[in-house]
Number of protein chains: 2
Amino acid sequence: MNNPMVRRMEQYTRFSDEDRRLLDELVSQRQRHYAAHEDIVREGEHSPDIHIVLSGLACRYKLLENGNRQIMAFLIPGDPCDSEIFILKTMDHSIGAIAPSLVASVSGDVMKDLLLNRPGIALAFWWSTLQDEGILRERILDEGRRDAYSRIAFMIYEMLLRMRAVGIIGDTAFDFPITQADLADATGLTPVHVNRMLQRLRDEGLIATQGRRWTVLDIAGLQRAAKFEANYLHLDRARDEPESEAGKRLKGLI
Amino acid sequence: MNNPMVRRMEQYTRFSDEDRRLLDELVSQRQRHYAAHEDIVREGEHSPDIHIVLSGLACRYKLLENGNRQIMAFLIPGDPCDSEIFILKTMDHSIGAIAPSLVASVSGDVMKDLLLNRPGIALAFWWSTLQDEGILRERILDEGRRDAYSRIAFMIYEMLLRMRAVGIIGDTAFDFPITQADLADATGLTPVHVNRMLQRLRDEGLIATQGRRWTVLDIAGLQRAAKFEANYLHLDRARDEPESEAGKRLKGLI
DNA sequence: CGATCCATTGACTATCGTCAAACTCAGTGG
DNA sequence: CCACTGAGTTTGACGATAGTCAATGGATCG
């Protein structure tokens, strides 16, 4: 079976055949399609199931009183959405589909059973949680200390790497079915400003977009735009650590 | 024993006497003082121990190539710093003391033993991780969608609640040994702008500062400044949920 | 009593937000 | 086949929030 969750987690661990079989079974029992903009889990709810994105694109988001939305994380195929429900009573944020998506539901009891009896699987889920936390921290760094241009570039680069990790990508082109307004909600910018930054990235020959298909034309240039390059002021340190800090960071994280 | 970690975790669970004894023992074995600005764990390292802040103030941070620093989270007494070391090879961020701090070291082996054999303790640590993740998400919301004034107000209010939860607080006054430059690194602003916003909060009678001691003079006003109030456009929903979204959020989280 | 670290001020700049309108394009129905 | 529609993208003019730079003031500490 072509299980994106297994593919993602195998960046970290090698599953036994039995574990892989169990995980395949896990995501194939109950599946459901969600339309674009449909909520999968809502803030304040407690769901008896956990959800895993199999195809499409979803996100974690919160709404502010004034109707503004902040997307805190994108969920791509292979990502579990809400493994915290075993501990926390209610969700402190919502999960929504951005594009039409296929999502697996797993009963919490079945999941709990797996976590208790299959240490390999439990470890992989723990790793997944920690990776998510790393991505959250990177996002804080991004919003706090990078300008709009770098932030957009960074976002695109991160999606490229993450999609590559689960194999849903053709070399440097990938489906990222998102509107500029969604991107604005994810980066903390306005749609208008996102548009301006995308134009700049296109003008500079770094990326191209045709509909929902994004192509990275110049990976090195995109890294540079995203502030991924080693700073030449730190060259002495770079002898020991040939890669830039940010480069290592994102690789370690993805 | 006066164990802030136990106090913090008992917001979530009630420890058995034995668990409490074990946790008290855990943090009293090996303790060390760190000076202000001293690193406790550095990005890229792998430490055999996990660390728990007992007094003072520390933070998770990352450095950018240009020397800019982003503080991703404050660690107050009771907070474990690096429980991820069981899974991840290296830290993807650094932990540093902001003020002189007392920190407990716990050998990873001892810790692992506890997590495997004391389910009550394992659950409490898992909860702690999830709470941290919630705080990270709230920070992303903050940086993405609130202006500087609200962001500073929010930060102060969050610290008030968190300090209250571990009991290191005199009603509405608390020690928050931080410079305006640190606050700038945590909120993604410049020190100059932080200064302007603090002046505004003081002018409006919401807070007062004497050295490192912060006093909240007007809690409701501070909540309002932090955009904690229910939005009256949502009153219909507020009938079922009398609290504001943000209010619930932070309470659920703390 | 300098030295140092922080806080504060002011003048100037620029990044980004706001508003509003026009444009593109795919889908729909007469 | 061709308006009609609506979602999404693009443009431009303007405004405001926050950053930059540089100097001053205040407190604490050997």
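Values below: every heavy atom of this structure, side chains too, minus hydrogens, waters and symmetry copies. Per chain, numbering begins at 1; letters A, B, ... match sequence-line order.
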Student: Going by side chain to side chain donor-acceptor pair (under 3.5 Å), name the residues that satisfy it together with A/Tyr34, two or more places apart in sequence or in a different chain.
Tutor: none
Student: Along nucleotides 3-18 of chain C, 5' to 3', which nucleotides get a B, which get an S, and which get a -, given that the test is a protein heavy-atom distance under 4.0 Å?
Tutor: ---SSBBBB----BBB
Student: Taking only residues two or more places apart in sequence or in another chain, which ones pass salt bridge (charged side-chain N to carboxylate O under 4.0 Å, His left out) with B/Arg212?
Tutor: none
Student: Scan the side chains in residues 201-208 of chain B for donor-acceptor partners under 3.5 Å anywhere in the protein, sequence neighbours excluded, and list what turns up.
Tutor:
from, atom 1, to, atom 2, distance (Å)
B/Arg202, NH1, B/Thr209, OG1, 3.0
B/Glu204, OE1, B/Tyr149, OH, 2.3
B/Glu204, OE2, B/Arg200, NE, 3.4

Student: Could you check whether B/Asp142 pairs with B/Arg151 (Lys NZ or Arg NE/NH1/NH2 to Asp/Glu carboxylate O, under 4.0 Å)?
Tutor: no
Student: Going through the checks in order, is the salt bridge (Lys or Arg N to Asp or Glu O under 4.0 Å) test met by A/Arg139 and A/Glu143?
Tutor: CA-CA 6 Å; A/Arg139 186 127 317 286; A/Glu143 289 192 339; 5.5 Å; no
Student: For A/Phe74, what residues pass the ring pair (Phe, Tyr, Trp, His ring centres under 6.0 Å) criterion, not counting sequence neighbours?
Tutor: A/Phe176
Student: For B/Tyr61 and B/Asp39, does a side-chain donor sit closer than 3.5 Å to a side-chain acceptor?
Tutor: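 The answer is yes; a qualifying pair exists.
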Student: Going 5' to 3' on DNA chain D, which nucleotide is the first and which the last to come under 4.0 Å of a heavy atom in chain A?
Tutor: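 Going 5' to 3' along DNA chain D, contacts run D/dG8 to D/dA13.
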